[in-house]
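Single-structure report; data block below.
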Amino acid sequence: MQRLIVWVAVTIPTIASGSSPPYFVDIAAEAGVVAPTWCGRDDKPHILESNGTGLGLVDYDADGDLDLYLVNGWRLDGAEIAERGRDVLYRNEGQGRFLDVTEKSGLGSDAWGSGLATGDANGDGLIDLFVTNFGTDVLYLNRGDGTFEEHPDSPNLEGWSAGAVFFDSDGDGDEDLYVGGYIECTLEEVLTEKPSLVWEGLDVMLGPFGLEGLGNKYFRNEGGGRFEEATEEAGLEDVGLFYTFGILAADLDGDLDLDIYAANDSNPNYLYSNDGGVFQEVGLWSGAALDEGGAAQAGMGLAAGDVESDGLVDLLVTNFQQDMSTLYRNLGDMIFEDVTRSVQLGGPTFSMLSWGTTLSDLDQDGDLDIFVANGHIYPQADLVADKVGGGFRQANLLLVDQGGTLIDVSSDAGPGLAVKEVSHGLAVGDIDFDGDLDLAISNVDEPPTLLRNDTRQPGSYLLVDAPLALRVEAVHGDDRWIRHRVIGGSFLSVNDPRFHFGFGEKRRLESLTLIWPDGFRRRLLDVPVSHALKIER
């Protein structure tokens, strides 16, 4: 997870005079979101105890607002299990309140949880939940009345699975499932493991190097929620056991099907090009597997978005402390260029140990900004915080795009950015119906952070709910904004699936064009903004 970087100081850019950065307030406690997400012991002697859990903003009851699902781990005391933490479902009640409905919903697994994926597993139009675990994964089928039932034959990696994504890989209308595996280990090893690595002169836990990786699996949906493991047949067998964390699906080559990108810890990242449901791993020659110097990075969280609105999906990967998060610009034809230094992403992210992330327009000026959840894996980092640039608990990071340069506005972005926790999962969505994007963040051994976006003088917006559409393009004069369907990403978490746009001071659009996987297009003219649209084919 670590390597030596020689860093050259650069001039720190500042936000333009008169601009107002996004402004966030943590409302978790007042909103009733108070359940902690456990992750082992305080001293974190095993790697399982350091990697945290994901969460999701999901409208599970189809009432139009975003509810919150928390994946939970266990609390340990020495070599004993002190508490099997239960997953928690909070229903959004409106007016800034969330209600714990876990028991009523039939959810609340007490497995050692890892991450969350959502999709329509059985084709009934309802959102189902797939929870990856250290142990047996669980698929919960949505009954449509606010309750869930366990799938009787759930697809399952069986082991420590991490990121997962539902997506229609072969265009047959059914959502298939790809699941990432991290480390091969047993509960006995977790309970008895002792620190065995020296980091900055301190004894810390071992991993991932020195531990056996767990392979990823692909499950083809045969219809009606019946899944068949077809990893090798689909060309998705692992190049190596590379410790996969984050996974996303997006159309990275513009051929109207969904490709797969996976963040691999301390190894080259995977990039699988999709050709009608058969995949080819192209990470190394694409340029998106390694950094500009040809080195593998820590590969934790992922985001994707069209940074330049040129029709091509760019990629963002978060990494270890004393390394930088990496932005890959899509040059077309599945070729990517590391532009981390040119956009000045390296400096702000170098001292952070980074996890969940997003490329989203958080101030609604039309550009995609970056938010990063941060927190160390070693509690011992507090003893050398001055040396390495940060301790165990770390502040999160907010960078806004200003003319192609990223500006760190974290210190001016409200009290929500002053919160210091060991933050990992990040989910993005509009929780309070005001059109701007809010943030839910999972914290190790603490309740989540729930950041309401209270940006002063935000720009106009559009929220587009267009199921299965791959791309939405908005046009006004010479200005063009493009949003792409991105499934998964962040760190083991789930975002609002709607397309979100910011338009600055624009009040109407000349046109809005939607494109579906089969090439079907729908074009709307003279579209008013600052509201939500639901668009069917």
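Just so it is clear, the values below take in all heavy atoms, side chains as well, and ignore hydrogens, waters and symmetry mates.
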Step through the shown structure and confirm whether more than 12 heavy atoms of other residues, nucleotides or ligands are within 6.0 Å of CG on Leu468. no
Compare every heavy atom of Phe227 with every heavy atom of Leu139, then report the nearest pair and how far apart it is. CD2-CE1, 4.0 Å
Please determine whether the number of non-hydrogen atoms from other residues, nucleotides or ligands lying under 6.0 Å from atom CZ of Arg143 exceeds 12. yes
Which atoms form the tightest heavy-atom contact between Val179 and Ser161, and what is the distance? CG1-CB, 3.8 Å
Can you tell whether the side chains of Arg537 and Asp518 come within less than 4.0 Å, N to carboxylate O? yes
I'd like to know if the side chain of Asn443 and the backbone of Glu421 have a donor-acceptor N/O pair within less than 3.5 Å. no
Can you name the side chain to side chain donor-acceptor pair (under 3.5 Å) partners of Thr513, sequence neighbours left out? none
Using every non-hydrogen atom in the two residues, find where Asp174 and Asp168 come nearest and quote the distance to one decimal. O-OD1, 3.2 Å
Under the side chain to side chain donor-acceptor pair (under 3.5 Å) rule, what do Ser169 and Tyr218 come out as? Steps first, then yes or no, please. CA-CA 10 Å; Ser169 68; Tyr218 167 79; 2.7 Å; yes
Looking at residues at least two apart in the chain, or sitting in another chain, which of them share a side chain to side chain donor-acceptor pair (under 3.5 Å) with Thr340? Asp338
Under a 3.5 Å threshold, yes or no: a donor from one side chain and an acceptor from the other, between Asp265 and Tyr182? yes
Partners meeting side chain to side chain donor-acceptor pair (under 3.5 Å) with Ser154 (sequence neighbours left out): none
Those residues that, when tested against Val165, pass side-chain contact (heavy atoms from CB on, under 4.5 Å) (two or more places apart): Phe167, Tyr178, Ile247, Ala249, Ile487
Contact summary for Ala373 and His424, nearest pair of heavy atoms: CB-O, 3.9 Å
Would you check if there is a donor-acceptor pair between the side chains of Ser114 and Asn133 at a distance under 3.5 Å? no
Which pairs, with at least one residue in residues 326-336 and sequence neighbours excluded, count as a salt bridge (Lys or Arg N to Asp or Glu O under 4.0 Å)? Glu308-Arg329
Take atom NZ of Lys534 as the centre, draw a 6.0 Å sphere, and report whether it contains more than 12 heavy atoms from other residues, nucleotides or ligands. yes
May I have the step-by-step check of ring pair (Phe, Tyr, Trp, His ring centres under 6.0 Å) for Tyr270 and Tyr272, ending in yes or no? CA-CA 6 Å; Tyr270 294 141; Tyr272 288 100; 5.6 Å; yes
Sorted by chain and number, sequence neighbours left out, side-chain contact (heavy atoms from CB on, under 4.5 Å) with Leu126 holds for Asp124, Asn142
Which one of Glu232, Glu229, Glu175, Glu233 satisfies the salt bridge (charged side-chain N to carboxylate O under 4.0 Å, His left out) criterion with Arg220? Glu233
Any Leu492 side-chain heavy atom under 4.5 Å of Thr132 side chain: no
For residues 63-72, which residue pairs pass the side chain to side chain donor-acceptor pair (under 3.5 Å) check, not counting sequence neighbours? Tyr69-Asp87
Is any side-chain heavy atom of Asn221 less than 4.5 Å from a side-chain heavy atom of Phe166? no
Side chain to side chain donor-acceptor pair (under 3.5 Å) pairs, two or more places apart, involving residues 480-492: Asp306-His484
Just jot down the side chain to side chain donor-acceptor pair (under 3.5 Å) partners of Asp172, sequence neighbours excluded, or say none. none
Taking the side chain from Asn453 and the backbone from Asp438, do they hold a donor-acceptor pair closer than 3.5 Å? no
Go through the steps for Thr349 and Leu397 under the test side chain to side chain contact (heavy atoms under 4.5 Å, CB included), then give the verdict. CA-CA 8 Å; Thr349 60; Leu397 183 67; 3.6 Å; yes
State which residues pass side-chain contact (heavy atoms from CB on, under 4.5 Å) with Asp257; sequence neighbours excluded, sorted by chain then number. Asp253, Asp255, Asp259, Asn274
List in chain and number order the residues that pass salt bridge (Lys or Arg N to Asp or Glu O under 4.0 Å) with Glu49, two or more places apart in sequence or in another chain; answer none if no residue qualifies. Arg41
Could I get the full list of side-chain contact (heavy atoms from CB on, under 4.5 Å) partners for Ala263, not counting sequence neighbours? Asn269, Leu302, Val317
What heavy-atom pair brings Leu512 and Leu533 nearest, and what distance separates the two atoms? CD2-CD1, 4.0 Å
Working for side chain to side chain contact (heavy atoms under 4.5 Å, CB included), residues Glu150 and Val138: CA-CA 7 Å; Glu150 287 193 26; Val138 181; 3.9 Å; yes
Kindly determine whether Thr449 and Asn396 satisfy side chain to side chain contact (heavy atoms under 4.5 Å, CB included), including the steps that lead there. CA-CA 11 Å; Thr449 306; Asn396 298 320; 5.6 Å; no
So which atom in Gly52 and which in Cys39 form the shortest heavy-atom distance, rounded to 0.1 Å? N-SG, 3.6 Å
Test: Asp496 and Arg498 ion pair at under 4.0 Å: yes
Please determine whether side chain to side chain donor-acceptor pair (under 3.5 Å) holds for the pair Ser325 and Asn319, giving the CA-CA distance in whole Å, both sets of side-chain angles, and the decisive distance to 0.1 Å. CA-CA 5 Å; Ser325 295; Asn319 295 304; 5.0 Å; no
